[in-house]
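Scroll down for the structure; my scribbles are underneath it.
Basis for what follows: all heavy atoms, side chains included, without hydrogens, waters or symmetry-related copies. Convention: sequence-line order gives letters A, B, ...; per-chain numbering from 1.
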Amino acid sequence: MHIPDGYLDLSIAGIFFILSFIVLGYSLYRLRSEKLTSLFGVLSAAIFAAQMLNWPIPGGTSAHFVGGSLAGILLGPYAGALAMAIVLTIQTLVFNDGGITAWGANVWNMAIVNVFLGYYLYQFLSKFNRNLGAFIAGWLGITVAAIFAGFEIGLSTSFAYGLSITIPVMGLWHAILGVIEGIITAGVVAYLATRRADLLEKKEVGRASFALIAVLIALSPIFAYFAEIVGYSEPLENAAEMLELEESPIYEGLLPDYTIPGLDPYIGTLISGAIGVMIVLMLAYAVRYARSSRKDT
Amino acid sequence: MHVVLEKTLKNASSYFQNFLIHEYGVRGTLHAIDARVKLLSSFSFVILAVSTFDLEKLLFLLISLLAVSTVLGVNLKSLFKRVWLFTVFSFIVVSPFLLQNPEYPFLFTLRVLITLISLQLLVMTTSFAEICFAMRSFKIPQLFVHALWLAYRYILVVFQDIVSILLARESRRVAKGSHRDLWKKGGEAIGLFFLRSIERAERIQLAMASRGEKIFEMRAKVGMLEIIYITLSAFIILWWLAL
Amino acid sequence: MVVSPLITAKGVSYTYPDGSVGVREIDLEIFPKERVGIIGPNGSGKSTLIFLLSALLKPTKGEVRVFGLIPDKKNVENIRRRIGVVFQNPDDFLFNPTVKDELLYVPRQLEMNEEEMRKLLQEYSKTFKLEEILQKPPFRLSGGEKKKVEIASVLIYSPEVIFLDEPTANVDGKTRKIVVEMMKNYNGTVVITSHELGIIEELCKRVILMSKGKIVLDTTINDLNEQILEEIGVF
Amino acid sequence: MVVSPLITAKGVSYTYPDGSVGVREIDLEIFPKERVGIIGPNGSGKSTLIFLLSALLKPTKGEVRVFGLIPDKKNVENIRRRIGVVFQNPDDFLFNPTVKDELLYVPRQLEMNEEEMRKLLQEYSKTFKLEEILQKPPFRLSGGEKKKVEIASVLIYSPEVIFLDEPTANVDGKTRKIVVEMMKNYNGTVVITSHELGIIEELCKRVILMSKGKIVLDTTINDLNEQILEEIGVF
Ligand SMILES: Nc1ncnc2c1ncn2[C@@H]1O[C@H](COP(=O)(O)OP(=O)(O)OP(=O)(O)O)[C@@H](O)[C@H]1O
Ligand SMILES: Nc1ncnc2c1ncn2[C@@H]1O[C@H](COP(=O)(O)OP(=O)(O)OP(=O)(O)O)[C@@H](O)[C@H]1O
Ligand SMILES: [Mg+2]
Ligand SMILES: [Mg+2]
């Protein structure tokens, strides 16, 4: 379900960065005086390992076990969100699984929507039947998270598929594969209930803050929609145009005859590209030289 | 079936384990540069890549990054090993557009490839501790970085355990076994492994307690090397804008 | 009559995925019923060699033959049945939910009958004083208890060849005696690594000395002297 | 002048969460600069006792005082800083990405200066022959190498009290000699458990015998005889 770099328009990526910062920041605030348990570490590691197995979905991103609901159930929503966010960060930084610009969106889907929804469903349903509650939390959690992911990429113009494809594709695939997620979630919960029931103690959450986060989740698609309308899909290019950098004096100074007379502009671009690369190479050698003259361990 | 499954799991685990520990032995120029500088420049390159569908701009960026990698001591072969998977992956995802708009899948995949390379310039040359340090100095909350560091360590432990347990199972597998057992025993085995990892982690927690839990702060290094690398990155950005 | 070797290694090297050299260019023959001790300083490749000779690792160069066969998918279960390996680190070895399951792991696969299994279980848990911990999960045992369980669950199915990697580390004197006694009466081939030379002296006639991944000496226990040991860095 | 004890245990019991008894009703005093050996059969509670005396586990009954203090949230970090514990199982102990990070883990926290750390690192990696593996992740080492790294990363910061749980398991003769040498010249309090009586004889004057979670004898090394050991089941 990880969205890589390049799938999202920057405006959409940006709005989800902001939303995720808010909720994650609040979670950190709630956790400020707590010590991270070994369960936290091991569960993060286990979820990390379980997410290894994934395969691509044309028209979407990928499908795999997510574990957001499980994290929410075992750690509570705040620590669960933190655990998932950390798994996503390590995956981005070590494997490139999930983009760095898409980090906000990925955290939103898997660490916030999935965790909070899964936690809440389990708390509500486990009053009636613990295992069924865990199953539904696992299944619905991943499906809704996938629908959010589908919405984000579908709304982005860089990703050529429209909403009418991405949402059904992501949603349906995950609704089917989510059954496995549900089974695993219920299985782990049932297993721990018999061996280490202390790990399943109810985690307290404030009602008001919980409601606020729910509202944020519900409204997030609307924020994203407006961000897409307002934002430029290619802000940097627009910035370049706005600054009229293409005709700027700095640039002319560097390469006065950008369109060398008699050459067609395409070759001109090619040449200036080549010159750029040459300069990059020279600078790289300069870095290497600086390294060889610095002595440290 | 279950034998194949175990084998796959073992291969996958050792594969990912290698991913997690980079070649600490080989140290190129990029390794020496301050992690914060690398973090920022890699991030900028990613932004550049995802901000355009211009073939010229993308090619300029790709060739520049490859040039930087070669000169500054990133092995192109290992770089390729780390980026091919998600590149192919992305191509498959957008391949249905091949007939309708043949340029798009290639440009799209090229963008993804560049973002992957940009990040690898950081990941392959920086230890995880340095990355954590860089995050701390960008004022990312202590708790988050601490959790990141903790999880990273447990991931190493868990992967190592998976590999050794699978070897142990192999050493005492004297019959092929039946498929029926897969579901019955498989679930139990996973649950047990999870429990065991938790209790092992509890002991590692003791080891950390006995030696102090403060995540260490590394010293920043900013010198000529960093300044020239910043210049290099700034040049790439400017030229990209101008192209 | 010429006895053919049970296990042969020809030009065997093993390099770990990260590039560390485990062993290099090993040539070795082990004959039926031999007692072989492998000694050498830490990191000299003893454990790696055991994994290779027991067909758990595939050499990156060269060839290992076990019972005359090159291990492959088809024959591997058969080979495993006839070989027992006691790992150096019991945590890498024990994976069953309880000590009892651990002991019976192989007997159950061999589909022994219940009565036979009950007897074996009783015998081995008595010998190794495991009666009180039979229902405990192995990861909740003390260091030496783990090692005891490990040794017992290999000896219980009487493999033809036994590899013991540091059998006396962490175990108490009593258990050590029992292991020595059992190995003395044992009717198969035994390969032992140990940093405690005593057990090698008691059990093995042939001693192999390793250093930096290579076999540097293959001799009898009587020809071993302090000087050689010191040179190689065992002492 | 009356010397007050460094560590005291009064009526200390520890039961593991699953109900297994680790130790029961321990009364013990350890004085500054003492060398204490703890021996006893597998599962007799030695490791558990070390965890209790080093303030890593909280007794389920009774009271442990370290440096005169009852460990609580506020003082525990200070207490632990003055104590070094070498765990029985190095896999439970090593958690840093490289051997170098492992060795410098505590020095970095103590904010030593670079020069000092460089020197320490050089000294200890030379003594324990770790130069070639400094950049390796600890979990990719051989059994004995792990133990060496563990011992080195505790000795490197010279704590006032050192607990060594089976320091000689899996390590080669040379390393064993080095450890004995270092402990002989060491200026603090040392508590050692070992199944190898040799090292206890070489280093400790006082010996504590444990059996089934209890201290059954607290005596000097000279008063220890085979008969007692055999009775308790050490041999
Ligand atoms: N998993 C691994 N990955 C990489 N290198 C390894 C791994 N295990 C062992 N090594 C290296 O291979 C070499 C041989 O290790 P091995 O475990 O065979 O030594 P050993 O002789 O058994 O040592 P010991 O007496 O300490 O048990 C060592 O240099 C070690 O660092
Ligand atoms: N994590 C654990 N959970 C439950 N019981 C445990 C655990 N660790 C140890 N025990 C039990 O506590 C008792 C004492 O164990 P301890 O590790 O202290 O023994 P020991 O004297 O160190 O033994 P060894 O010589 O084998 O190291 C044993 O009966 C053991 O089974
Ligand atoms: Mg070994
Ligand atoms: Mg112990």
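Residues of residues 131-146 of chain C that come closer than 4.5 Å to chain B, counting heavy atoms only, are C/Phe139, C/Arg140, C/Lys146, ordered by residue number. Contacts between residues 47-66 of chain C and chain B, counted as heavy-atom pairs separated by less than 4.5 Å, involve C/Phe51, C/Leu56.
Annotation: side chain of B/Arg196 is not in contact with side chain of C/Phe95 (no heavy-atom distance under 4.5 Å). At least one side-chain heavy atom of B/Ser171 sits less than 4.5 Å from a side-chain heavy atom of C/Phe87. Looking at B/Arg173 and C/Glu77, their side chains come closer than 4.5 Å, going by heavy atoms from C-beta outward.
Residues B/Ile165 and C/Leu94 approach most closely at CD1-O, 4.4 Å, considering heavy atoms.
More than 12 heavy atoms of other shown residues, nucleotides or ligands fall within 6.0 angstrom of atom CD in C/Glu115. The 12-atom threshold is not exceeded at CZ of B/Phe80, counting heavy atoms of other residues, nucleotides or ligands nearer than 6.0 Å.
Not a single salt bridge (Lys or Arg N to Asp or Glu O under 4.0 Å) links C/Lys46 to another residue, sequence neighbours left out.
Note that CG of B/Asp161 is 7.5 Å distant from CG of C/Asp92, once rounded to the nearest 0.5 Å. The CZ atom of C/Phe93 sits 10.5 Å away from atom CG of B/Leu167, with the distance rounded to the nearest 0.5 Å.
Listed by first and then second residue, the salt bridge (charged side-chain N to carboxylate O under 4.0 Å, His left out) pairs that reach into residues 153-166 of chain C are C/Arg82-C/Glu160, sequence neighbours excluded.
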